Amino acid sequence: MKKLFSQIINGSTMGISIGLIVSLIFSYLYGGMAYYPSSEKFIMHFSNKLNAISISIILWALMGITWNLSRNVFKIYKWNLLKQTIVHFLISFTCFTFLACLAGWFPLTVACFTIYTLLFVAIYLLIWFIARYQTLKWIKKANQKLNK
């Protein structure tokens, strides 16, 4: 239980940090004079900007928690890597997409959803291949130490 609580705290902290940094970058890129936690359409759903920022922080925390908790799939050692990856992808994609829609990150059109999905898959695969490469490198190093 303590480990789960730690994962939730760490995930929410990371999600909020990344969300804040990304929103600051987009605020500078799209205006430079004001802070926007998300799209203007998202902000217009709220009576004031403070409420929009508060909800954005909650959504960013939930995104971070999603990523942090979904990593536990890779600790199910009786599953092979393919099954772990597919289940992790489905959990991540479903939860993150739902939260991204709530955050107003893209219009709910087929074209935008397709582009979002392609970007998500590309980024997921890039991260997966980097992590796999690092793991194989670590295993090779460990095996070399065992053989000495």
Side-chain angles (χ1 to χ4, degrees), residues 1-32 35-43 45 51-148:
M1 191 64 158
K2 186 178 178 183
K3 187 176 181 180
L4 177 65
F5 183 72
S6 177
Q7 287 180 318
I8 290 169
I9 295 299
N10 290 338
S12 62
T13 302
M14 186 62 73
I16 292 168
S17 299
I18 292 171
L20 180 61
I21 291 167
V22 169
S23 66
L24 281 171
I25 291 168
F26 277 99
S27 292
Y28 276 112
L29 290 175
Y30 288 110
Y35 172 70
Y36 298 96
S38 191
S39 68
E40 284 189 52
K41 186 176 180 182
F42 172 81
I43 294 169
H45 289 316
N51 290 342
I53 292 169
S54 298
I55 297 301
S56 292
I57 289 170
I58 292 168
L59 291 171
W60 299 333
L62 291 171
M63 289 174 189
I65 291 168
T66 295
W67 284 108
N68 213 25
L69 291 180
S70 67
R71 293 182 335 180
N72 291 328
V73 168
F74 291 106
K75 294 178 183 172
I76 304 172
Y77 299 115
K78 62 183 176 185
W79 289 359
N80 63 39
L81 184 58
L82 179 62
K83 184 175 181 177
Q84 290 172 335
T85 302
I86 290 169
V87 170
H88 180 264
F89 175 83
L90 291 173
I91 291 169
S92 301
F93 180 77
T94 302
C95 294
F96 194 80
T97 301
F98 176 72
L99 293 168
C101 288
L102 287 178
W105 285 3
F106 59 90
L108 296 175
T109 65
V110 173
C112 288
F113 182 75
T114 302
I115 292 168
Y116 163 82
T117 300
L118 291 173
L119 285 171
F120 188 96
V121 169
I123 293 168
Y124 187 92
L125 287 173
L126 176 66
I127 292 169
W128 187 87
F129 278 113
I130 291 169
R132 185 172 185 273
Y133 172 77
Q134 289 173 334
T135 301
L136 290 174
K137 191 174 166 182
W138 178 83
I139 289 170
K140 185 177 179 181
K141 207 181 240 184
N143 283 335
Q144 287 173 347
K145 286 182 181 180
L146 288 173
N147 289 332
K148 285 185 181 181

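The model shown is predicted, which means the values in this text are computed figures rather than measured ones.
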Student: Measuring from Leu90:CG to Thr85:OG1, what's the distance to the nearest 0.5 Å?
Tutor: 10.5 Å
Student: Between Phe96 and Trp105, is the gap from one ring center to the other below 6.0 Å?
Tutor: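 Aromatic pair counts; centres sit under 6.0 Å.
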Student: Starting at OG1 of Thr114, measure out to CZ of Phe106 and round the result to the nearest 0.5 Å.
Tutor: 10.0 Å
Student: Taking side chain as C-beta onward, heavy atoms only, is Trp67 less than 4.5 Å from His88?
Tutor: yes
Student: State the CD-NZ distance between Gln84 and Lys75, to the nearest 0.5 angstrom.
Tutor: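 Going from the CD atom of Gln84 to the NZ atom of Lys75 covers 11.5 Å.
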Student: Of all heavy-atom pairs between Gly104 and Ser39, which one has the smallest distance, and what is that distance?
Tutor: O-OG, 3.1 Å
Student: Heavy-atom count around Tyr28 OH within 6.0 Å, excluding the residue itself: above 12?
Tutor: no
Student: Would you confirm whether the ring centroid of Phe26 sits within less than 6.0 angstrom of the ring centroid of Tyr36?
Tutor: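 Between Tyr36 and Phe26, the centre distance exceeds or equals 6.0 Å.
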Student: About how many Å separate SG of Cys101 and OH of Tyr116, when rounded to the nearest 0.5 Å?
Tutor: 7.0 Å
Student: Answer yes or no: is there a donor N or O on one side and an acceptor on the other, between the side chain of Asn72 and the main chain of Leu69, under 3.5 Å?
Tutor: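 At least one qualifying donor-acceptor pair exists.
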Student: Please find out if less than 6.0 Å separates the ring center of Tyr124 from that of Phe89.
Tutor: yes
Student: Check side-chain hydrogen bond (donor to acceptor under 3.5 Å, both in side chains) between Thr66 and all other residues, then give those that pass, not counting sequence neighbours.
Tutor: none
Student: Are Arg132 and Leu81 side-chain neighbours, meaning at least one heavy-atom pair lies under 4.5 Å?
Tutor: yes
